[in-house]
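Along the sequence shown, the residues carry numbers beginning at 1. Side chains included, hydrogens not; waters and symmetry mates left out as well; all remaining heavy atoms used.
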Amino acid sequence: LSVGSNPDEGYIPSLDGSVLALGRFGTPAQISKLITGMRKWEKCGPAGRKSIIIARGGLMLSDTREAMMYIEKCGRLNDYARIRGTDADSIRDTVLAEFGLDEKGKKVYDLGGTQIEVSLAPDLTLALLDTKAGKTVKSLPKKGADPDLHAAATKDLGDMKKNLKKVVKARNDMLFHHFLTGQTRPAAGWKASYLSNPVLNMVARLLVWNQGKNTFTVGENGPVDCCGNPYTIANDVSI
């Protein structure tokens, strides 16, 4: 099934069952290609729109990060989560925003011959340090690396580079909507998201938060008040 054909040539997905199966069982790369194709199908009239609806049904059943981000953009993450017996915030804070980084925003890839430490910077760039050579590198070195370990690390790092900023962009959009509508969040859930997840913690550091009559922001060592003193989050007041 080609999902990248030119809609100007009159291309309409002819096998709706294949579209559904691709949405459900496609690899991350195939899902990305499918989503790109769906944007073109919008120009194909009723038949194209029908195939988009069918493809979205398949994506609702996909477990890939790419499908989840698309469903989030469509405003259907609540329905996606309900199918799995959970809620949208749990998916946003775990699967979508989870890249295997530790609490300091670091991750180590063992390549066999050396270990590469990946660090997340406040501007969401990734720095790679070859711990054996003691120097920064631009990519995962192949020389002396185990082929299987290198392939797995390359795939994982590629996913992080591709999706990290997309996840943050979606989070920023959601927070802006919450700001406009005055939506709050229970303190326990807020702490689990913005103090435990290193990616979301970077987002939290850029904002001023409100809890009751108090305001605070997040520093490197945790929440701080307007005077720079440590701020203790009350568990019984929403944020």
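Atoms CG and CE, on Leu120 and Met202 in that order, are 4.5 Å from each other to the nearest 0.5 Å. From Met174, atom CE reaches atom CG of Asn172 across 9.5 Å, with rounding to the nearest 0.5 Å. Interatomic distance, CZ of Arg56 versus CD1 of Ile35, reported as 10.5 Å (0.5 Å rounding). Residue Met60 holds its CE atom at 12.5 Å from CG of Leu20, rounded to the nearest 0.5 Å. Taken from CG in Asp225 to CG in Asn214, the straight-line distance is 8.5 Å, to the nearest 0.5 Å. Between atom CD of residue Glu72 and atom CZ of residue Arg171 there is a gap of 8.0 Å, rounded to the nearest 0.5 Å.
Nearest heavy-atom pair across Leu207 and Thr217 is O-OG1, 2.9 Å. Counting all heavy atoms, side chain and backbone alike, Met38 lies closest to Ala55 at SD-CB, 3.8 Å. Closest of all the heavy-atom pairs between Leu59 and Tyr80 is O-CE1, 3.7 Å. Nearest heavy atoms, Arg65 versus Val95: NH1-O, 2.9 Å. Ala204 and Trp209 get closest at one heavy-atom pair: O-NE1, 3.2 Å. Shortest non-hydrogen contact noted between Pro198 and Leu101 is CG-CB, 3.6 Å.
A salt bridge links Lys169 to Asp173: at least one charged side-chain nitrogen sits closer than 4.0 Å to a carboxylate oxygen. Of the charged side-chain nitrogens involved, at least one lies within less than 4.0 Å of a carboxylate oxygen, so that Asp93 and Arg185 count as a salt-bridged pair.
Residues Leu111 and Pro141 form a side-chain contact, since some pair of their non-hydrogen atoms from C-beta on lies under 4.5 Å apart. Inter-residue side-chain proximity for Met160 and Asp156 is flagged as met; some heavy-atom pair is nearer than 4.5 Å. In this structure, Leu195 and Pro223 have side chains that are in contact, with non-hydrogen atoms separated by less than 4.5 Å. Residues Arg92 and Leu200 are not in side-chain contact: their nearest non-hydrogen atoms beyond the backbone lie 4.5 Å or more apart.
No donor-acceptor distance shorter than 3.5 angstrom exists from the side chain of Ser62 to the backbone of Gly58, with no hydrogens or angles considered. A donor-acceptor pair is defined here as one N or O able to donate and one able to accept, closer than 3.5 Å; such a pair exists between the side chain of Lys107 and the backbone of Phe99. Side chain of Gln211 to main chain of Val237: a donor-acceptor pair is present (N/O by atom type, distance under 3.5 Å, no hydrogens or angles). Glu66 contributes no side-chain N or O that, together with a main-chain N or O of Met68, makes up a donor-acceptor pair within less than 3.5 Å. With Thr215 contributing its side chain and Asn210 its backbone, the two residues share no donor-acceptor pair below 3.5 Å.
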Derivation of the side chain to side chain contact (heavy atoms under 4.5 Å, CB included) call for Val218 and Tyr194: CA-CA 9 Å; Val218 178; Tyr194 296 104; 5.8 Å; no
Worked verdict on Phe216 versus Ile239 for side chain to side chain contact (heavy atoms under 4.5 Å, CB included): CA-CA 10 Å; Phe216 67 94; Ile239 296 175; 4.0 Å; yes
Side chain to side chain contact (heavy atoms under 4.5 Å, CB included) between Asn201 and Glu103, intermediate numbers included: CA-CA 9 Å; Asn201 183 259; Glu103 66 278 1; over 6 Å; no
Asn78/Arg82 under side-chain hydrogen bond (donor to acceptor under 3.5 Å, both in side chains): CA gap, chis, key distance, verdict: CA-CA 6 Å; Asn78 284 321; Arg82 193 175 300 114; 5.8 Å; no
Side chain to side chain contact (heavy atoms under 4.5 Å, CB included) between Leu157 and Ile116, worked out: CA-CA 11 Å; Leu157 182 61; Ile116 303 298; over 6 Å; no
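Within 6.0 Å of NZ on Lys162 lie more than 12 heavy atoms contributed by other residues, nucleotides or ligands.
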